[in-house]
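To keep things clear, I will list the structure first and then write my remarks on it.
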Amino acid sequence: MEKKEHKLSLVGLGPGNIDNLTLKAFNTLKDSDVIIGYASYIKLLKEIPELDGKNIIAFPMKTEEERCLTALELAKDADVCLVSSGDTGIYGLASLVLEIIDEENLNIELHIVPGITAAIACSSLVGAPLANDFCCINLSDQLTDFEIIKKRLEGAIEGDFVITLYNPSSKDRYEQFEDIIHLLIEKLGNNIPIAVVKNAYRENQETYPLLLKDLQPDEIDMNSLIIIGNSQTVINENNENVYTKRGYK
Ligand code: SAH
């Protein structure tokens, strides 16, 4: 068999604590020579004694392409892990790496190691809101036009999906987030159960079920995920958890 030039693993780290790192992700990191990622994800890795002494390269925000190119370059001579939070295929770097490999026709041994994405991690903390059909929508307009984001949201509402909102708000998109809340209230009404989860499985974790009308936009940030219920979603009597009925009689 032709020898591959590079070996690169794209590793999903899960929501942010060691317990939610899969065994496969852990072993892949342990067996690598170099680990590359965004600075705040790299922090988690510093807590893992088995990774002591590894060449860990932290990049600042908004260096996605540079991170991929560096990983591909270093993978010529080493086993490299490029890490993303959650799953690397969900708003992570996996598709950009595949695009570059395609465009540059690179001969590479590529491994994609799945991780627990934020929707799954956050759902587990508030009950079972994703028990039936659901979708993920990323509210960041950095790579997707805001009009398209709204169109997708309207489609998901029309289809009665439970909706997880990734990247819901940031300081420079505050007004857009208010627009989104108005759209949700207009289409779903005030009393749809939702859940807000901040920093799931990390320091300063917060979780709370509430009704759409009680959502406070200024409490939502980039470390939050919002789960919008559908017509079958309820909050339990003690206001402790939120779940979507599947229709069992
Ligand atoms: N690849 C990641 C998503 C990256 S997009 C994954 O699969 O989870 C980043 C967004 O994910 C954040 O803005 C937030 O909405 C959500 N997110 C990621 N980790 C989270 C966590 N621990 N708690 C709450 N939301 C989280």
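One-based numbering, in listed order, for ligands and for the atoms of each. For reference, positions follow the sequence shown, starting with 1.
N199 and N204 form no side-chain donor-acceptor contact under 3.5 Å, judged by distance and modelled atom types alone.
Looking at M222 next to ligand 1, an N or O pair under 3.5 Å apart turns up. At under 3.5 Å, not a single nitrogen or oxygen of L165, backbone or side chain, sits near a nitrogen or oxygen of ligand 1. When only interatomic distances are considered, the shortest N/O to N/O separation between A118 and ligand 1 falls below 3.5 Å. Checked by distance only, ligand 1 and P15 come closer than 3.5 Å through their nitrogen or oxygen atoms. In terms of polar-atom proximity, defined here as any N/O pair under 3.5 Å, A200 does make such a contact with ligand 1. By the 3.5 Å distance cut-off applied to N or O atoms, S84 is not counted among the residues near ligand 1. At under 3.5 Å, not a single nitrogen or oxygen of K198, backbone or side chain, sits near a nitrogen or oxygen of ligand 1.
Under the 4.5 Å side-chain contact rule for hydrophobic residues, I57 and L51 do not share a cluster. Hydrophobic clustering (side-chain heavy atoms under 4.5 Å, transitive across Ile, Leu, Val, Met, Phe, Trp, Tyr) keeps L143 apart from L139. If you chain together hydrophobic residues whose side chains sit under 4.5 Å apart, F59 and V34 fall into the same group.
Contact annotation: for A121 versus ligand 1, there are no heavy atoms closer than 4.0 Å. Using a 4.0 Å cut-off between heavy atoms, S85 contacts ligand 1 through both its backbone and its side chain. With a 4.0 Å heavy-atom cut-off, ligand 1 is reached by no atom of N138.
Heavy atoms only, all atoms of each residue included: E104 and L69 are closest at OE2-CD2, 4.4 Å. Smallest separation of non-hydrogen atoms from T164 and C136: OG1-CA, 3.3 Å.
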(message) Test side-chain contact (heavy atoms from CB on, under 4.5 Å) on I36 and I42; report intermediate values, then the result.
(response) CA-CA 8 Å; I36 296 177; I42 295 284; over 6 Å; no
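At the shortest separation from atom 11 (O) of ligand 1 among protein heavy atoms lies Y166 CD2, 3.3 Å. The shortest contact between atom 4 (C) of ligand 1 and any protein heavy atom is with Y91 O, 3.7 Å. Considering only non-hydrogen protein atoms, atom 19 (N) of ligand 1 sits nearest to R202 NH2, 3.1 Å. Here the protein heavy atom with the shortest distance to atom 7 (O) of ligand 1 is T117 OG1, 2.6 Å. What sits closest to atom 1 (N) of ligand 1 on the protein, heavy atoms only, is I90 O, 2.6 Å.
The nearest non-hydrogen atom to atom 24 (C) of ligand 1, considering only N223, V196, L139, comes from N223. With atom 10 (C) of ligand 1 as the reference point, the heavy atom nearest to it among T88, N199, N167 is part of N167.
K54 places a side-chain N or O within donor-acceptor distance of the main-chain N or O of K30, the cut-off being under 3.5 Å. With hydrogens and angles disregarded, a donor-acceptor distance shorter than 3.5 Å links the side chain of T233 to the backbone of N230. In terms of modelled atom types and a separation under 3.5 Å, the side chain of N236 and the main chain of N239 share a donor-acceptor contact. Remark: the backbone N or O of K24 is paired with a side-chain donor or acceptor of T28 at under 3.5 angstrom.
You'll find the ring centres of Y91 and Y166 inside the 6.0 Å limit. Outside the 6.0 Å centre-distance limit, the rings of F177 and Y174 are not counted as a close aromatic pair.
Residue contact check for ligand 1: Y201 places no non-hydrogen atom closer than 4.0 Å to it. P168 counts as a contact of ligand 1, since one of its heavy atoms falls under 4.0 Å from the ligand.
The contact set between ligand 1 and V197, taken as ligand atoms under 4.0 Å from a residue heavy atom, comprises 24 (C). Here is the list of ligand 1 atoms found below 4.0 Å of a heavy atom in L225: 25 (N). Of all atoms in ligand 1, listed by their number and element, those nearer than 4.0 Å to a heavy atom of S224 are 14 (C), 15 (O), 25 (N).
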